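Scroll down for the structure; my scribbles are underneath it.
Throughout, protein chains are lettered first and strands after them, A, B, ... in sequence-line order, and every chain is numbered starting at 1. These figures come from a predicted structure and were not determined experimentally.
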Protein chains: 2
Amino acid sequence: MELNQVSYFINLAETLNFTAAARLSGVSQPSLTRAIRRLEDELGGPLIYRDGKNSRLTGLGHDVEAEFRRMVVAMKSVRNHSEHWAMGGHRVLDVAVAPTVGPKEFTAFFESALAEMPSIEIKLHSLQSNEDTSEVLSGKYHACIMPRETRPERKLDVHPLFRERFVLGCSANHPLAANEIVRGEDLLEFPFVDRLKCEFRDRILDHFARRDLLMRPRFRSDREDWVQRVVADGHAICILPERSPTVQGLVTRPIDGFVLEREVVIATVSGSTATVEIRNIAQLAARYEWN
Amino acid sequence: MELNQVSYFINLAETLNFTAAARLSGVSQPSLTRAIRRLEDELGGPLIYRDGKNSRLTGLGHDVEAEFRRMVVAMKSVRNHSEHWAMGGHRVLDVAVAPTVGPKEFTAFFESALAEMPSIEIKLHSLQSNEDTSEVLSGKYHACIMPRETRPERKLDVHPLFRERFVLGCSANHPLAANEIVRGEDLLEFPFVDRLKCEFRDRILDHFARRDLLMRPRFRSDREDWVQRVVADGHAICILPERSPTVQGLVTRPIDGFVLEREVVIATVSGSTATVEIRNIAQLAARYEWN
DNA sequence: TGGAAACTATACGCGCAGCGTATTGGATAA
DNA sequence: TTATCCAATACGCTGCGCGTATAGTTTCCA
């Protein structure tokens, strides 16, 4: 199957006339006829009843037309996207943020950045679970805000922003919330929610596994707010960074003997590849008072 | 653009390795390399950032991959018209939720579903911005919870769950929060945040444009929590569904003369292609008291 | 640190897929 | 009948995309 066959057939379905469809498609009538014939051979059945001026699409023909139209729509979208990216005035800074990094500390920073650089817009993206700093190198994003990666990347400028611990999250009415500090082994008594999007998920699970604390979650999600709603409703508990945005009804407690920490950084392409705007925002972030 | 380029690129996007993608595609490595190069020439920009084992798709590459996948889906529907493959009995139900649909109403439902069907696990996914109900048909998800799409899809069972209006979101201290109902033209005086992930974004902007209310956001994001933090801090206002999960400090107000509404539905594959578990959860959802 | 391995790009020649021109065969209308 | 419209066939040609071979880089590993 070829793409020209697709457009040929759509034109044929519209005109129900091989000659006219050929003219529409910008090819000779025999070419179009042969292309349709090949299509029919490949699909194993006729697409159109040939009957002079009373030609009609077959049942299969109708279904094929519908699917072909979808393909054409997708193809046009591809062209739209390419124009969008080609023309893309890079006045817009695409900034990606790791899912577990919350807005709390950043809104004020972005306010000041917008104030200092009046000519730019900031477009915030959520970093998907399969993405990392390489997306900056590939040009998908101009900057990345995320926990520091273990392996350093030479081609990136990485500015540290602040550090934070991991803590227990539970409902305000939860028994564990009664104490200011929680003991690690007490967590076992309660169902646990798995935050799939957490970059430290493996290290957290590992941390407990090493103490023979096996946590077996039945509910897992990559949607932070869903996880938190389950927790806030008292159905389960979870582990999350202390500065994470939390829904109403969810409280956090430090865990005794649990020392996992992370550093949040901003990563941009280094050196001359970066535009002025990108370098500016990286510098602003590095100089900012994150307290 | 040719169809072999489409499948070549999809294989490349999966492997991020020209040699492996060529083997997958059943052609030689130079052929695939040239095909991708032609594609990039045609689209006017790079699709993949070439860096040995750290190769990554560019932004354009990601967009193109998504559209190409739709084309492949359409092509497969053409071929598999008469035959549908039976899905294996899944014990894990993959449920995708649109980003703007919040957990508030659903945690209790999933609790009851888990109680009624003890043999299953539920795995919740966030529906990406480039995905829609076709991901259900393709088998990636077993069910989709999302606003009703304008164009109906025959092959899907779509059960309505509840309806909700769009309302204003602003800080509790915001001047607009003083009144129980807000007038549309008053919104103009305040900076506006663009919720990129909102399926109704275009309709909302259109709604205001038609009344000569031009909203010019300088801050846009697909991270719901970030948008809400900006709003809760009083830096801006936004439009959001009334049942959306909201962060602390953000309040909602109905807007006078603003009648945009959406219906949240659950979509599953229809008929015999669906397993018992899928049909069960769709029925449970349809029968549930969403009030 | 140097050599092997992995990976992508270029060079070059070839085969055939699909094209156009010309033509035939059938159906329909006047 | 003749004129007209339409699809299919015949046939030669061109170019596109393919494979083989190889060069140019980067990464890996000892």
Side-chain angles (χ1 to χ4, degrees), chain A residues 1-43 45-58 61 68 75 132-134 137-139 149-156 269-271 273, chain B residues 1-43 45-58 60-61 65 68 75:
Chain A
M1 195 188 306
E2 296 298 328
L3 273 183
N4 49 12
Q5 292 175 300
V6 171
S7 62
Y8 291 177
F9 182 68
I10 287 181
N11 286 332
L12 178 61
E14 269 172 6
T15 61
L16 297 177
N17 175 323
F18 284 73
T19 312
R23 196 167 39 245
L24 266 182
S25 308
V27 295
S28 69
Q29 171 264 315
S31 292
L32 190 132
T33 295
R34 283 188 305 248
I36 300 299
R37 184 109 183 84
R38 285 197 303 272
L39 207 52
E40 291 176 322
D41 289 345
E42 185 174 345
L43 298 181
L47 295 169
I48 181 171
Y49 290 126
R50 293 146 169 89
D51 185 21
K53 304 206 175 195
N54 296 322
S55 294
R56 284 280 183 94
L57 290 189
T58 62
F68 276 7
M75 236 173 66
D132 58 11
T133 47
S134 315
L137 288 175
S138 75
E149 294 186 329
T150 45
R151 59 189 166 88
E153 180 63 67
R154 300 177 275 116
K155 300 162 194 167
L156 291 175
V269 284
S270 62
T273 21
Chain B
M1 195 187 304
E2 296 298 329
L3 273 183
N4 49 12
Q5 291 175 300
V6 171
S7 63
Y8 291 178
F9 181 69
I10 287 182
N11 285 332
L12 177 61
E14 267 172 8
T15 60
L16 297 176
N17 175 325
F18 284 73
T19 312
R23 194 168 42 244
L24 267 183
S25 307
V27 295
S28 70
Q29 171 264 315
S31 293
L32 188 133
T33 296
R34 281 187 310 248
I36 300 298
R37 182 111 180 80
R38 286 197 302 274
L39 208 52
E40 291 178 321
D41 289 345
E42 184 175 345
L43 298 181
L47 294 170
I48 181 171
Y49 168 76
R50 296 151 169 84
D51 184 23
K53 306 210 170 191
N54 294 323
S55 293
R56 284 284 168 162
L57 293 189
T58 63
L60 175 60
E65 184 197 357
F68 276 7
M75 242 175 69

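- The stretch residues 3-21 of chain B touches DNA chain D through B:Asn4, B:Tyr8, each having a heavy atom under 4.0 angstrom from the strand.
- Going from atom CD of B:Glu40 over to atom P of C:dT8 covers 12 Å, rounded to whole Å.
- Between the CG atom of B:Asn11 and the OG1 atom of B:Thr15 there is a distance of 7.0 Å, given to the nearest 0.5 Å.
- Distances shown here put every side-chain N or O of A:Arg50 at or beyond 4.0 Å from the OP1 or OP2 atom of D:dC6.
- Checked against side chain to side chain donor-acceptor pair (under 3.5 Å), B:Asn17 has no partners two or more places apart in sequence or in another chain.
- Identified under the salt bridge (Lys or Arg N to Asp or Glu O under 4.0 Å) test for residues 6-19 of chain B, with sequence neighbours left out: B:Glu14-B:Arg69.
- Residues satisfying the side chain to side chain donor-acceptor pair (under 3.5 Å) criterion with A:Ser28, sequence neighbours excluded, are A:Ser31.
- Residues passing the salt bridge (charged side-chain N to carboxylate O under 4.0 Å, His left out) test with A:Arg38, sequence neighbours excluded: none.
- With contacts defined as side-chain heavy-atom distances shorter than 4.5 Å, the pair A:Thr33/A:Arg37 does not qualify.
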Where do N or O atoms of nucleotides 24-30 of chain C meet protein N or O atoms at under 3.5 Å, pair by pair?
none

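- Put simply, CG on B:Asp41 is 11 Å from P on C:dT10, counting in whole angstrom units.
- One distance of note links CD of B:Glu42 with CG of B:Leu47; it measures 10.5 Å at 0.5 Å rounding.
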Donor-acceptor pairs under 3.5 Å, side chain of residues 1-10 of chain A to any protein atom, not counting sequence neighbours: which ones?
unit_1, atom_1, unit_2, atom_2, d
A:Gln5, OE1, A:Glu2, N, 2.7
A:Gln5, NE2, A:Ala35, O, 3.1
A:Ser7, OG, A:Asn4, O, 3.1

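- Of all heavy-atom pairs spanning A:Ser25 and A:Leu32, the tightest one is OG-CD1, 3.7 Å.
- Residues of residues 27-37 of chain B that place a heavy atom closer than 4.0 Å to DNA chain D, in numerical order, are B:Val27, B:Ser28, B:Pro30, B:Ser31, B:Arg34.
- Atom pair A:Leu47:CG and D:dA7:C1' shows a separation of 16 Å (rounding to whole Å applied).
- Axis angle across the helix from C:dT1-D:dA30 to C:dA30-D:dT1, with five pairs used at each end and values rounded to 10°: 30°.
- Take A:Ile48 and apply the side chain to side chain contact (heavy atoms under 4.5 Å, CB included) test, not counting sequence neighbours, and it matches A:Leu12, A:Leu16, A:Phe18, A:Glu40, A:Arg50, A:Ser55, A:Leu57.
- Contacts of A:Arg23 classified as salt bridge (charged side-chain N to carboxylate O under 4.0 Å, His left out), with partners at least two apart in sequence or in another chain: none.
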